[in-house]
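We count ligands from 1, going down the list as the structure has it; atoms in each ligand are counted the same way.
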Amino acid sequence: MKISVIGAGYVGLVTGACLASMGNEVSLVEVDMRKVESINNNIFSIYEEGLPELMKGTDIVATTDYNVINGAGIIFICTGTPSNPDGSMSLEQIKQAAGEIGDLLRTRGDYCVVAVKSTVVPGTTDEVVIPILERSGKKAGRDFGVCMSPEFLREGRAVYDFMHPARVIIGEFDRRSGDTLLPLYEQFKAPILRTDIKTAEMIKLASNTFLANKISFINEIGNICKRMGIDVFEVAKGMALDERIGNKFLNAGVGFGGSCLPKDLRALIARATEYGYNPGILKEVLHLNDKQALIPVDLLKKHIPLNGATVGLLGLAFKPGTDDIRDSRAILVAGALLKEGASILAYDPMAANNFKNIFPEIKYSSIEDVMKSDAVVILTEWEEFSALDYRGKIVIDGRRINKAREARIYEGVCW
Ligand code: NAD
């Protein structure tokens, strides 16, 4: 199958590489010329395990030229949907992509399916994407198909997740649209749910906001446990024995970040509000998460005066295995520390360069130098942090690195 993927970020690049490795002829369309050049030279702007090897084995091409989608039977839209300043979802990249695809549909005689893979608020594909595509004079259902098939991959395990999905959701405009997409997914051993487009969009947002909810919930329990001298990890272990609860996303800590959970929460809150509904739980999940990130700063203040102190940050990426710092808790912690008059020494095995774009005033150094700071805050559970010598140090741990308990002064955010 000839496939085009629009947007070669985390999702687009991984989608393209995986579909190509499955024997499809894949082209990537990307507006960022630097990304295009680096992809074509096998240099990747993102870190994902297994991706370089996968790409080497394919003849995938990246280009800025939309003409490459002519002849593609399926066109996936994988552009970004970041937050607007008011929390609603920015659809600018999707609109632009749909406009370009529409221009090419105008002169196209054969049937193809446009499939939205980006996470979008319910109603986006029907109310925004299809009308833009139909400006071409072509009609959805009659001349081209439309699907919304959300992506559930996790950064750091993106290739594995794409190839081993827990489920596949196909939101279809009509039967023919879904039938065109189906063969791509049938080879995965995963349940496939075919549904309507709006439902598919909501399944993705509801899934992400539910996971966010689980994290803020266990953090809340953790904050209570810390005050009562109860180990929240032991509590979570006991809770997880109930299969209705499960053992995933029950690690208490400094909260969630990343390109998805915070932004999707904000987007669903904004969308619900547009419909006149006040989503109380969702708002509180977000509020708790932002408060949680600042707990390390309060804990530090108990042990050292921050004005003039040098604080070491261990971990800047929003989670291990990635260089992504979008909505990373480290951003909030660094901002608060600088406001308190502390200087920061920061270390991350992958994300330091990205962090530098936001905080050029911070000193980025080796892990050894960071360990010489007046106090250390652990914000990402990179494996190498479990091999450090913490003896004699002051450590505030946001991620439950057990080895760090050997520190002279050790405090977990909620243990
Ligand atoms: P990203 O910002 O890394 O990638 C988007 C890419 O699209 C960028 O490279 C950008 O330059 C490019 N782009 C923007 N406008 C374009 C246009 N008109 N034509 C061609 N390219 C264009 O974003 P991402 O992390 O890959 O996420 C993409 C979507 O997938 C988002 O909606 C996100 O919420 C969702 N998602 C992300 C993840 C994840 O873990 N990152 C997981 C599941 C779903």
Side-chain angles (χ1 to χ4, degrees), residues 4-18 27-39 44-49 51 62-69 75-84 88-104 114-122 124-125 128-129 132-133 148-162 165-169 200-201 203-205 207-209 211-212 256-268 317-319 321-328 354:
S4 280
V5 177
I6 315 296
Y10 281 88
V11 170
L13 190 53
V14 171
T15 299
C18 291
S27 54
L28 296 172
V29 182
E30 167 59 55
V31 281
D32 184 339
M33 190 63 201
R34 280 170 314 168
K35 273 192 192 169
V36 167
E37 278 170 5
S38 57
I39 291 167
F44 305 108
S45 55
I46 59 168
Y47 173 79
E48 270 305 330
E49 200 179 313
L51 185 62
T63 173
T64 54
D65 183 3
Y66 265 85
N67 282 304
V68 78
I69 71 176
I75 303 160
F76 282 107
I77 300 182
C78 298
T79 52
T81 48
S83 290
N84 284 318
S88 63
M89 194 173 260
S90 165
L91 300 176
E92 286 318 306
Q93 296 182 26
I94 296 241
K95 285 182 186 168
Q96 217 188 339
E100 298 274 3
I101 298 166
D103 284 347
L104 288 155
V114 178
V116 175
K117 223 175 200 334
S118 303
T119 304
V120 291
V121 286
T124 302
T125 306
V128 178
V129 176
I132 293 177
L133 294 173
M148 195 285 151
S149 182
E151 181 51 59
F152 296 97
L153 61 77
R154 293 163 294 175
E155 284 178 26
R157 290 178 54 95
V159 170
Y160 178 86
D161 283 352
F162 189 94
R167 80 295 214 187
V168 171
I169 306 294
E201 291 168 333
I203 288 171
K204 172 66 188 176
L205 277 189
S207 301
N208 270 4
T209 52
L211 294 175
F256 56 84
S259 64
C260 293
L261 299 194
K263 118 177 135 64
D264 292 350
L265 253 175
R266 289 192 286 262
L268 191 52
F318 84 91
K319 68 173 185 182
T322 180
D323 59 357
D324 197 342
I325 58 156
R326 287 178 281 186
D327 264 309
S328 162
N354 287 340

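Closest to atom 29 (C) of ligand 1 by heavy atom, among T79, T15, L91, D161, is T79. Of the listed options V120, T81, D32, T81 places a heavy atom closest to atom 31 (C) of ligand 1.
Near Y66, the atoms of ligand 1 lying under 4.0 angstrom from a non-hydrogen atom of the residue are 17 (C), 18 (N), 19 (N), 20 (C).
Between E30 and ligand 1, at least one pair of N/O atoms sits closer than 3.5 Å. Here's the thing with K117: none of its N/O atoms is less than 3.5 angstrom from an N/O atom of ligand 1. Between E151 and ligand 1, no pair of N/O atoms sits closer than 3.5 Å. Among the atoms of F152, none of the N or O lies under 3.5 angstrom from an N or O of ligand 1.
Within the 4.0 Å heavy-atom criterion, neither part of E100 lies near ligand 1. The proximity of M89 to ligand 1, defined as any non-hydrogen pair under 4.0 Å, does not occur for either the backbone or the side chain. Using a 4.0 Å cut-off between heavy atoms, P150 makes no contact with ligand 1 at all. Residue contacts with ligand 1, taken as heavy atom pairs separated by less than 4.0 Å, involve V29 solely via the backbone atoms N, CA, C and O.
The nearest heavy-atom contact from the protein to atom 37 (C) of ligand 1 is V11 CG2, 3.3 Å.
If you take CD1 on I69 and CD1 on I75, they are separated by 4.0 Å, rounding to the nearest 0.5 Å.
Taking all atoms of both residues into account, the shortest heavy-atom contact from Y66 to L104 is O-CD1, 3.1 Å.
With sequence neighbours left out, E151 forms a salt bridge (Lys or Arg N to Asp or Glu O under 4.0 Å) with K117. Residues meeting the side chain to side chain contact (heavy atoms under 4.5 Å, CB included) test with S27, sequence neighbours left out: S4, V61, V68.
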